[in-house]
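In what follows, every chain begins at residue 1, and chains take the letters A, B, ... in the order their sequences are listed. Both backbone and side-chain heavy atoms feed into the values below; hydrogens, waters and symmetry mates do not.
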There are 2 protein chains.
Amino acid sequence: MDDALVFSALVLALSGQLVQEIHANVSQQGFEDLRPAHGFAFARISVGGATTADLAEHLGVTKQAAAQLVEELVRKGYVERHPHPHDARARLLGLTETGWAATRAADQAARAAVAPWREVLGEARFSELVADLTLLAPPGPIRPAW
Amino acid sequence: MDDALVFSALVLALSGQLVQEIHANVSQQGFEDLRPAHGFAFARISVGGATTADLAEHLGVTKQAAAQLVEELVRKGYVERHPHPHDARARLLGLTETGWAATRAADQAARAAVAPWREVLGEARFSELVADLTLLAPPGPIRPAW
DNA sequence: TCTAGATAGACAAGCGGCTTGACGAGTTAT
DNA sequence: ATAACTCGTCAAGCCGCTTGTCTATCTAGA
């Protein structure tokens with residue numbers, strides 16, 4: 001049974017294609033200064049209540065790396081730092097309007113990337129697929145692959 | 001319908017977990033000096049007939065990056081360089097016995113990583129899943145995600 | 001057969017994203 | 001009050017990759 005190998009390869013291939021297509025689409029929508037890894041940061045920041053340290057944990061990197069990422073996103077106008085209401089050390093992160101626009105663009109890009117797959121499988125089979133994958137997916141935040 | 005987003009997230013999460021588990025398992029089998037990206041190189045080299053330039057194209061990186069990777073794998077004893085029978089410029093790459101052992105370890109690790117999923121879904125549903133993913137998978141080599 | 005262009009691989013320099021390490025300012029628990 | 005911890009920052013360095021350049025070799029066309 002080396003279904004396992006086939007399966008692994010398929011998941012990897014699919015995931016790679018997904019990232020690549022979404023990134024290309026987002027770029028084409030005018031967000032050329034964003035790279036795939038930024039999406040994972042947006043995902044956490046858009047939820048609200050995130051500090052740089054929270055973001056670091058979410059991404060599975062050091063605080064310094066997260067701070068650097070935040071600095072870049074602030075400089076590019078996607079993220080704002082607000083004073084934290086209860087902690088003078090920390091700063092709350094939030095998306096700017098541009099940040100939200102980028103998030104919407106990514107959402108749309110994801111839909112566009114998945115659409116053909118949905119069509120190939122048919123609606124019913126696609127739903128089953130989503131259900132199956134839901135069973136398999138690990139809990140916790142989604143991080144850049146490795 | 002934002003199944004699309006859910007689906008994307010699931011595929012990404014699954015792929016990340018897969019890579020991480022396989023890597024951990026391979027490490028535990030004694031190949032601690034291999035990292036996930038090396039697997040993609042082994043995949044091409046094990047087929048045979050690969051030069052450094054071939055490998056570069058397969059991985060989607062520059063020749064220099066591929067050469068550096070090969071150098072590392074040679075130094076660590078996984079890969080050998082042989083003279084090319086028809087081209088004095090090129091050198092054919094091949095796996096050493098250690099390289100083959102690592103490949104087998106990775107195969108086994110993939111099986112181990114997938115096994116629980118197979119169990120969760122049941123054999124029939126798992127086969128369907130593989131079939132569906134096969135329909136969706138892009139052709140061409142599998143590369144490190146991004 | 002000679003020559004122009006392409007290709008394999010190596011050498012060098014540099015960049016970007018990440019790490020470890022150390023630190024002051026602020027918070028929390030004892 | 002004080003000790004331990006945490007947030008964010010500064011600094012230095014590593015590693016995988018890039019661009020740029022070069023020689024040796026192969027290939028196709030006049």
I want to confirm an ordering. Mapping B:Ala67 and A:His38 to their closest nucleotides on DNA chain C, which one lands closer to the 5' end? B:Ala67
Indicate yes or no for a side-chain donor-acceptor contact from B:Gln29 to the backbone of B:Ala105 under 3.5 Å, with no hydrogens or angles considered. yes
Can you tell me if CD on A:Glu97 sees more than 12 non-hydrogen neighbours from other groups inside 6.0 Å? yes
Taking 5' to 3' order, which nucleotide of DNA chain C is first and which is last to have an atom within less than 4.0 Å of a heavy atom in chain A? C:dG17 to C:dT27
Main-chain N/O of B:Thr51 paired with B:Asp54 side-chain donor or acceptor, under 3.5 Å: yes
Answer with yes or no whether the hydrophobic clustering places B:Val74 together with B:Leu92; edges join I, L, V, M, F, W, Y residues whose side-chain heavy atoms lie under 4.5 Å apart. no
Closest approach of A:Ile45 and A:Ala50, non-hydrogen atoms and distance? CA-CB, 4.5 Å
B:Leu92 or A:Val61, whichever maps to the more 5' nucleotide of DNA chain C: B:Leu92
Assert: residue with more 5' nearest nucleotide on DNA chain D, out of A:Gln68 and A:Arg81, is A:Arg81
With A:Tyr78 as partner, the option from A:Thr98, A:Asp33, A:Thr96 fulfilling side-chain hydrogen bond (donor to acceptor under 3.5 Å, both in side chains) is A:Asp33
When rounded to the nearest 0.5 angstrom, what is the spacing between OG in A:Ser127 and CG in A:Leu121? 10.0 Å
Could you walk me through whether B:Asp132 and A:Phe126 satisfy the side-chain contact (heavy atoms from CB on, under 4.5 Å) test, starting with their C-alpha distance in whole Å, then the side-chain angles of each, then the deciding distance to 0.1 Å, before giving a yes or no? CA-CA 9 Å; B:Asp132 282 349; A:Phe126 183 82; over 6 Å; no
Do B:His23 side-chain atoms and B:Gln20 backbone N/O form a donor-acceptor pair below 3.5 Å? no
Gap between atoms CD and P, on A:Glu57 and D:dT6 respectively (whole Å): 11 Å
Once base and sugar-phosphate atoms are separated, protein heavy atoms under 4.0 Å mark nucleotides 19-25 of chain D, 5' to 3', with B, S and - as BB---BB
For B:Gly48, does its backbone N or O pair with a side-chain atom of B:Arg44 as donor and acceptor, under 3.5 Å? yes
Please report, rounded to the nearest Å, how far the P atom of D:dA11 is from the CD atom of A:Glu71. 14 Å
Nearest whole angstrom, please: distance from the C1' of D:dC14 to the CZ of B:Arg35. 12 Å
For A:Leu95 and A:Glu80, work out which heavy atoms get closest and say how close. O-OE1, 4.4 Å
In degrees, rounded to 10°, what is the bend between the two ends of the helix from C:dT1-D:dA30 to C:dT30-D:dA1, using five pairs at each? 30°
Pick base, sugar-phosphate or nothing for A:Ala90, based on heavy-atom distances below 4.0 Å to the nucleic acid. sugar-phosphate
Between B:Arg91 (CZ) and D:dC26 (P), how many Å, whole number? 14 Å
